[in-house]
There are 2 protein chains.
Amino acid sequence: MAVHDVKPRPVVSKKDALVREMLERVADKWTLLVIDALEGKRDVRFSRLREAVGDVSQKMLTKTLRQLERDGLISRRVHAEVPPRVEYTLTPLGDSLGAAVCGMWKWVDAHVEDVERSRRKYDAPAQR
Amino acid sequence: MAVHDVKPRPVVSKKDALVREMLERVADKWTLLVIDALEGKRDVRFSRLREAVGDVSQKMLTKTLRQLERDGLISRRVHAEVPPRVEYTLTPLGDSLGAAVCGMWKWVDAHVEDVERSRRKYDAPAQR
DNA sequence: TTCTATACTTCCCTTAAGGAAACCATGGCG
DNA sequence: CGCCATGGTTTCCTTAAGGGAAGTATAGAA
């Protein structure tokens, strides 16, 4: 009724917002693939990473890596050499995220069939 | 060397593709919020759902729900009444996804601080 | 007959994502 | 002096996402 009632539902708390943001981050096209590609390895070079991830554009890989670095999930080490060499490694935090994501990965892995079956059924030309 | 060698790296297997797709799906702006809003409830109406999720546009809510239905994660029941009534409920499959996602949710919840700290550090005006 | 509420659907428009390709800096090599 | 490789950055362009608003169908109430 009063001015402060203009937006009656804050909709999301600050934390919720961050959670949502992180979920989006985690699920954007490349982040997970990068984390996956880095898991269990150390000091992976940009080019190797690019090969491992698949068909990322250079731009997107760079961007993704910067974001991950900013969030403290990977470390970036530049070697002052003549053909430049930059190596990426998961931080402990990044590792733990990898583990958490693993649960989802497993779910998908376990239920691909279910989902596909459901889709086929849904897409089937309406009987009759 | 031969013709079939044109694309030497399939980059992703069929399953990988689906996994990636599901991850993207899960992480699009609304899916998780919808699943979250449906957890532990039954027969939630469209409008209630919309309130619960936040500021979704009608269009996006509908689209998201269709996708979830197609994937077998929610059930959609239409009541032939005069003000139409449609109710949504998580299927067991949807429930299990909710549980799987929970792991990530917890991770984010547990590490928001770490991430924020890292960001502040990263964004800090370069010392000196 | 007109109005109402609900759950869509469709159209239009703006913004954002993201790829391609070109450019840059580096220092040793031939 | 070109030229190479690596890891970027920048520009341009196309596509996709997604919001707003209007339209649709429905049967009963008034």
Side-chain angles (χ1 to χ4, degrees), chain A residues 6-7 9 11-12 17 20-34 37-38 41-70 74-89 122 126, chain B residues 7 9 11-12 17 20-34 37-38 41 43-70 74-89 122 126:
Chain A
V6 169
K7 206 164 186 265
R9 235 187 317 102
V11 171
V12 277
R20 188 189 287 210
E21 192 190 328
M22 285 304 295
L23 288 172
E24 285 176 27
R25 173 74 32 92
V26 158
D28 84 359
K29 213 171 175 182
W30 304 117
T31 303
L32 270 198
L33 283 309
V34 170
L38 284 177
K41 297 173 187 169
R42 299 190 51 75
D43 305 322
V44 184
R45 296 188 64 170
F46 186 86
S47 328
R48 304 300 133 258
L49 206 41
R50 197 171 171 199
E51 289 168 13
V53 168
D55 36 3
V56 217
S57 68
Q58 209 174 36
K59 185 175 121 183
M60 281 299 110
L61 218 209
T62 305
K63 190 180 164 191
T64 304
L65 290 169
R66 288 299 128 78
Q67 280 171 169
L68 289 171
E69 191 196 358
R70 186 169 103 100
I74 62 173
S75 72
R76 177 172 185 269
R77 299 196 313 174
V78 186
H79 300 261
E81 300 177 1
V82 177
R85 180 159 57 101
V86 185
E87 293 172 334
Y88 297 92
T89 306
Y122 188 96
Chain B
K7 203 162 188 266
R9 234 187 319 101
V11 171
V12 275
R20 186 189 290 208
E21 192 191 326
M22 285 304 295
L23 290 172
E24 285 176 26
R25 173 72 34 92
V26 160
D28 84 359
K29 213 171 175 180
W30 304 118
T31 302
L32 269 198
L33 284 308
V34 169
L38 285 177
K41 297 174 187 170
D43 304 323
V44 185
R45 294 190 65 171
F46 186 87
S47 326
R48 304 300 133 258
L49 205 41
R50 196 172 171 198
E51 288 167 16
V53 168
D55 37 4
V56 218
S57 69
Q58 212 173 32
K59 184 175 124 185
M60 280 300 111
L61 219 209
T62 305
K63 190 180 165 191
T64 305
L65 290 170
R66 286 301 126 78
Q67 279 171 169
L68 289 171
E69 192 197 356
R70 186 168 104 100
I74 62 174
S75 71
R76 179 174 183 267
R77 297 196 314 172
V78 185
H79 299 262
E81 299 177 2
V82 177
R85 181 159 57 98
V86 184
E87 293 173 334
Y88 297 91
T89 305
Y122 187 97

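To find a chain, count down the sequence lines: A is the first, B the second, and so on, and within it residues start at 1.
Two residues are said to be in side-chain contact when any heavy atoms from C-beta on lie closer than 4.5 Å; A/Thr89 and A/Leu38 fail this criterion. Side-chain contact between A/Lys59 and A/Thr62: absent, with no pair of heavy atoms (C-beta onward) separated by less than 4.5 Å. No side-chain heavy atom of A/Tyr88 sits under 4.5 Å from any side-chain heavy atom of A/Arg48.
Taking B/Arg76 as the reference, nothing meets the salt bridge (Lys or Arg N to Asp or Glu O under 4.0 Å) condition, with sequence neighbours excluded.
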(request) Can you check each nucleotide of nucleotides 4-21 of chain C against protein heavy atoms at under 4.0 Å and return B for base, S for sugar-phosphate only, - for none, in 5' to 3' order? (result) --BBBBBB------BBB-

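Defining each end axis of the helix from C/dT1-D/dA30 to C/dG30-D/dC1 as the rotation carrying four pairs' C1' atoms onto the next four, with five pairs an end, the two axes are found to diverge by 40° to 10 degrees.
We find the CZ-CH2 distance between B/Arg50 and B/Trp30 to be 10.0 Å, quoted to the nearest 0.5 Å. Taking CD1 of B/Ile74 as the start and OG1 of B/Thr64 as the end, the distance is 9.0 Å to the nearest 0.5 Å.
A salt bridge does not link A/Arg45 to A/Glu87: none of the charged nitrogens lies less than 4.0 Å from a carboxylate oxygen.
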